Amino acid sequence: MSARFIVDLIQNLGIAATAVGLVMGYFEYLRQGRQRRAEKYFELVRDFAKFDAILDLLRTDSPALKKLKPWQREQFLGFYEDLALLINSNLIQEHMAFYTFGYWLDVAWNSKNFWEDQKNKEDSYWFLLRQLYFRMQGQRDRYKAFVEKHDRRESYSQVKRTFRF
């Protein structure tokens, strides 16, 4: 073998190793990004659990909602503003946020007792909250159509036969 052949072989192997390393690095980068987003999602779910008392009151639109302290209301609504920031920065996927937290935003928004004064919703302080709510409302029909299209309600015996146990 000539020296030129060996040099070319080593260069080609170096280029191939670099290309493989770059591809593997890119896939690791994507995996870590998904992992960070998943961690953030589960952190949000844990944080949302702190509002169980408010959610219990919202379930029935209890008059006790009027007695919430302003800071309690601000913490609950502030959670949704943080969620809006995470959606806008693509750190959490919109459809996951709406699926997980959208129902309670809708319930709170339409509650007669949660808002002491209807003007509160219109206050500029809640800009991100309003933006998130109306964005969610705009997507509602799209998500409803998706669910209806993919809803496969079948009896257990029919479903059981489709799986290989």
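Positions are given from 1 along the sequence. Basis for what follows: all heavy atoms, side chains included, without hydrogens, waters or symmetry-related copies. Bear in mind that the values here come from a model prediction, so they are computed numbers and not experimental data.
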Taking S89 for its side chain and L86 for its backbone only, find out whether a donor-acceptor pair lies under 3.5 Å. yes

Is the Y80-F76 ring centre distance short of 6.0 angstrom? yes

Any donor-acceptor pair under 3.5 Å from Q139 side chain to M136 backbone: no

Presence of salt bridge, R36 and E39, under 4.0 angstrom: no

State plainly whether one hydrophobic cluster holds both L129 and L85, where clusters connect Ile, Leu, Val, Met, Phe, Trp and Tyr through side-chain heavy atoms under 4.5 angstrom apart. no

Between Q75 and F51, is any pair of side-chain heavy atoms under 4.5 Å apart? yes

Main chain of G102, side chain of D106: is a donor-acceptor contact present, judged purely on distance under 3.5 Å? no

Is there a donor-acceptor pair closer than 3.5 Å between any side-chain N or O of Y133 and the backbone N or O of L105? no

Considering residues, nucleotides and ligands other than F134, do more than 12 of their heavy atoms fall under 6.0 Å from its CZ? yes

Evaluate the side-chain contact (heavy atoms from CB on, under 4.5 Å) criterion for residues Y41 and Q93: first the C-alpha distance (whole Å), next the side-chain angles of each, then the deciding distance (0.1 Å), finally the verdict. CA-CA 9 Å; Y41 172 78; Q93 295 175 347; over 6 Å; no

Please tell me whether F48 and L68 are part of a single hydrophobic cluster in this structure, the criterion being side-chain heavy atoms less than 4.5 Å apart. yes

Which value, rounded to the nearest 0.5 Å, describes the distance between L77 atom CG and D82 atom CG? 11.0 Å

Decide yes or no for H95 and F98: does some side-chain heavy atom of the first lie under 4.5 Å from some side-chain heavy atom of the second? no

Distance-only donor-acceptor pairs under 3.5 Å for side chains of residues 56-65, two or more places apart:
residue: D56; atom: OD1; partner: R59; partner atom: NH2; Å: 3.1
residue: D61; atom: OD1; partner: S111; partner atom: OG; Å: 2.4
residue: D61; atom: OD1; partner: N113; partner atom: N; Å: 3.4
residue: D61; atom: OD2; partner: K112; partner atom: N; Å: 3.1
residue: S62; atom: OG; partner: A64; partner atom: N; Å: 3.1

Once you round to the nearest 0.5 Å, how far does CG of L22 lie from CZ of F27? 12.0 Å

I'd like to know if E74 pairs up with K69 as an ion pair, taking the criterion as any Lys NZ or Arg NE/NH1/NH2 lying under 4.0 Å from an Asp or Glu carboxylate oxygen. no

Output for pair (L44 CG, L91 CG), nearest 0.5 Å, gives 10.0 Å

Transitive ILVMFWY side-chain link W104 to Y99, under 4.5 Å: no

Could you go step by step and tell me if Q131 and N88 meet the side-chain contact (heavy atoms from CB on, under 4.5 Å) rule? CA-CA 11 Å; Q131 184 184 39; N88 292 341; 3.9 Å; yes

Euclidean distance, K50 NZ relative to Q72 CD, rounded to 0.5 Å: 14.0 Å

Report yes if the side chains of W115 and W109 come closer than 4.5 Å at any heavy-atom pair, otherwise no. yes

When rounded to the nearest 0.5 angstrom, what distance separates CG in L132 from CH2 in W126? 12.5 Å

Do I92 and L128 sit in the same hydrophobic cluster, where Ile, Leu, Val, Met, Phe, Trp and Tyr count as joined when their side-chain heavy atoms come under 4.5 Å apart? no

Any residue meeting salt bridge (charged side-chain N to carboxylate O under 4.0 Å, His left out) with K67, in chain and number order, not counting sequence neighbours: none

Taking F79 as the starting point, is it possible to reach F127 by hopping between hydrophobic residues whose side chains are less than 4.5 Å apart? no

Show me the donor-acceptor pairs, under 3.5 Å and distance only, between side chains in residues 1-10 and residues at least two apart or in other chains.
residue: S2; atom: OG; partner: F5; partner atom: N; Å: 3.2

